[in-house]
Amino acid sequence: MGSFDAFNYQGRRALVVGGATGMGAAVTDVLVDAGADVVVMDRAEIGHQGVTPIAVDMSDKASIEAATDECGGPVDALFSCAGVADGTPGIERINFIGHRHMIDRMLDADMLPSGSAIAMISSSAGFGWEQNLERLHEFLDIRDFDGATAWTEENGKADYIWSKLSINAYVAREAFGLLKRGIRINATMPGPTVTPLAQAHADMWLTFGSDYREAAGVEASTPLEQAYPLVFLNSRAAGGITGITMIADHGYFTSGISKAFEPATPVVGFLRSTF
């Protein structure tokens with residue numbers, strides 16, 4: 001095997017949760033091209049050829065458990081890509097609690113062998129997780145599906161930003177324990193990306209950072225541009241990387257922090273505040 005083969009997925013089984021549309025669909029396309037044996041779970045119709053489709057409702061505990069059991073193991077690379085926008089019933093479950101429950105069920109059943117990896121899609125909206133860590137610990141300590149759901153409702157956190165803050169904190173919290181089992185976990189924080197979900201909320205999602213992109217001469221990301229780093233993080237080539245949330249936003253946040261692009265500085269400051 002040549003050294004570059006660490007980037008491919010030959011002989012590896014991958015599960016893409018939320019792989020029918022958007023970034024998840026792009027991840028599925030890349031994995032098929034990379035030689036993986038791909039399972040796709042989604043509530044939407046799965047139109048990809050050459051994959052094993054499984055229906056799942058990430059807001060429903062029983063559906064998650066049934067889909068996980070149907071998939072079975074081993075799963076060498078898990079991609080947690082399903083997500084919805086504010087205003088969607090069950091957003092706290094679809095965006096985070098459901099993914100965590102699936103991961104826990106897979107771990108309990110030894111479906112994720114040593115050498116496997118997990119990659120989750122967070123968002124630039126989760127940028128300030130460190131400043132919210134005390135509250136996030138309180139939430140993440142509740143491992144029960146229904147209990148965690150109740151906490152978000154009781155505390156006014158059943159929303160998009162909290163779900164993405166939760167993913168980032170979860171990745172950081174779980175990395176060490178999973179590594180002792182030989183499992184890596186990471187996430188990406190995409191900037192504005194032209195997906196069907198983003199286009200449905202274009203006035204808010206696709207205008208974010210538009211002044212920066214115009215000044216830099218770049219466009220909002222395509223789903224494929226966001227799929228590549230996700231697939232890399234779960235590849236053997238990223239074997240030394242775990243517990244990170246990779247920012248994939250054309251440099252908007254770092255330009256704001258460094259004041260290289262000063263109009264971004266107050267926005268970054270707000271997102272690093274406590275919610």
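All values below were derived from every heavy atom in this structure, side-chain atoms included, with hydrogens, water molecules and symmetry-related copies excluded.
Residues Lys157 and Ser166 have side chains not in contact (no heavy-atom distance under 4.5 Å, counting atoms from C-beta outward). Using a 4.5 Å heavy-atom cutoff, the side chains of Met120 and Tyr170 are in contact. The shortest distance between side-chain heavy atoms of Leu178 and Thr242 does not fall below 4.5 Å.
Among residue pairs with one or both ends in residues 40-52, those qualifying as side chain to side chain donor-acceptor pair (under 3.5 Å) are Asp29-His48; sequence neighbours excluded. Residue pairs satisfying the salt bridge (charged side-chain N to carboxylate O under 4.0 Å, His left out) criterion with at least one member in residues 247-270, sequence neighbours excluded, are absent. Judged as a ring-ring contact (aromatic ring centres under 6.0 Å, His included), the pairs with a partner in residues 109-134 (not counting sequence neighbours) are, in order, Phe127-Phe253. For residues 54-63, the side chain to side chain donor-acceptor pair (under 3.5 Å) pairs, not counting sequence neighbours, are Asp57-Ser59. Residue pairs meeting the salt bridge (charged side-chain N to carboxylate O under 4.0 Å, His left out) criterion with at least one member in residues 160-169: none, sequence neighbours excluded. Among residues at least two apart or in separate chains, side chain to side chain donor-acceptor pair (under 3.5 Å) pairs with a member in residues 142-154 are Asp104-Arg143, Glu138-Trp151, Arg143-Glu174.
Checked by atom type and distance alone, the side chain of Thr265 pairs as donor or acceptor with a backbone atom of Gly256 at under 3.5 Å. A donor-acceptor pair is defined here as one N or O able to donate and one able to accept, closer than 3.5 Å; such a pair exists between the side chain of Asn186 and the backbone of Ile241. Distance alone, capped at 3.5 Å, is enough to place a donor-acceptor pair between the Gln226 side chain and the Ala248 backbone. Under the 3.5 Å distance criterion, the side-chain polar atoms of His137 are left unmatched by any main-chain donor or acceptor of Ala169. Arg100 contributes a side-chain N or O that, together with a main-chain N or O of Leu140, makes up a donor-acceptor pair within less than 3.5 Å. When atom types are taken as modelled, the side chain of Thr193 and the backbone of Thr222 share no donor-acceptor pair closer than 3.5 angstrom. Remark: side-chain polar atoms of Asn8 are paired, donor with acceptor, to backbone N or O of Gln10 under 3.5 angstrom. With hydrogens and angles ignored, the 3.5 Å screen pairs no side-chain donor or acceptor of Asp86 with any backbone N or O of Asp159.
Side-chain contacts under 4.5 Å among hydrophobic residues (ILVMFWY), followed directly or transitively, place Leu31 together with Tyr9, Val16, Met23, Val27, Val30, Val32, Val38, Val40, Ile46, Val51, Phe79, Ile121, Leu224, Tyr228, Leu230, Val231. Through direct or indirect side-chain contacts shorter than 4.5 Å among Ile, Leu, Val, Met, Phe, Trp and Tyr, Leu179 is connected to no other residue.
Transitive grouping of hydrophobic side chains (ILVMFWY, heavy atoms separated by less than 4.5 Å) brings Phe270 and Met189 into a common cluster. Under the 4.5 Å side-chain contact rule for hydrophobic residues, Ile247 and Leu233 do not share a cluster. No path of Ile, Leu, Val, Met, Phe, Trp and Tyr side chains, each step under 4.5 Å between heavy atoms, connects Leu271 with Met246, placing them in separate hydrophobic clusters.
In this structure, CG in Asn95 is found 8.0 Å from OG1 in Thr88, a value given to the nearest 0.5 Å. For the atom pair Asp76 CG and Asn234 CG, the distance stands at 10.0 Å (nearest 0.5 Å). Note that OG of Ser80 and CD1 of Ile185 are 7.5 Å apart. Values are rounded to the nearest 0.5 Å. Expressed to the nearest 0.5 Å, how far CD of Glu70 lies from CD of Glu65 amounts to 14.0 Å. One finds the CD1 atom of Ile91 at 5.0 Å from the OG atom of Ser163 (value rounded to the nearest 0.5 Å). How far CG of Leu165 is from CG of Asn132: 5.5 Å, rounded to the nearest 0.5 Å.
Annotation: side chain to side chain contact (heavy atoms under 4.5 Å, CB included) contacts of Phe7 (sequence neighbours excluded): Phe4, Phe232, Ala237. Applying the side-chain hydrogen bond (donor to acceptor under 3.5 Å, both in side chains) criterion to Arg12, with sequence neighbours excluded, gives no partner residue. Residues that satisfy the ring-ring contact (aromatic ring centres under 6.0 Å, His included) test with His101, not counting sequence neighbours, are Phe145. Thr68 meets the side chain to side chain contact (heavy atoms under 4.5 Å, CB included) test with Ile64, Met102, Arg105, Met106, Met111; sequence neighbours excluded.
Taking all atoms of both residues into account, the shortest heavy-atom contact from Ser116 to Pro113 is OG-O, 2.7 Å. Nearest heavy atoms, Met58 versus Ala82: CG-CB, 4.2 Å. The minimum heavy-atom distance linking Ala158 with Glu92 is given by the pair CB-OE1, 3.5 Å. Between Ala36 and Ala14, the closest heavy-atom pair is CB-CB, 4.3 Å. Between Pro192 and Ala220, the closest heavy-atom pair is O-CB, 3.6 Å. Heavy atoms only, all atoms of each residue included: Val171 and Ala187 are closest at CG2-CB, 3.9 Å.
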Begin from the C-alpha positions of Tyr212 and His250 and carry the test side chain to side chain contact (heavy atoms under 4.5 Å, CB included) through to its verdict.
CA-CA 9 Å; Tyr212 172 81; His250 290 298; 4.2 Å; yes
In sequence, state the C-alpha distance, the side-chain angles, and the governing distance for Phe139 and Ile97, and then conclude on side chain to side chain contact (heavy atoms under 4.5 Å, CB included).
CA-CA 10 Å; Phe139 169 57; Ile97 296 170; 4.0 Å; yes
Would you please test Asp141 and Arg173 for salt bridge (Lys or Arg N to Asp or Glu O under 4.0 Å) and show each step?
CA-CA 10 Å; Asp141 283 343; Arg173 277 176 41 128; 3.1 Å; yes
Please assess Ile244 against Arg184 for the test side chain to side chain contact (heavy atoms under 4.5 Å, CB included), listing each intermediate value before the final yes or no.
CA-CA 10 Å; Ile244 71 162; Arg184 298 183 299 105; over 6 Å; no
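Using the six-membered ring where Trp is involved, Phe261 and Tyr252 have ring planes that are tilted, between 30° and 60° apart.
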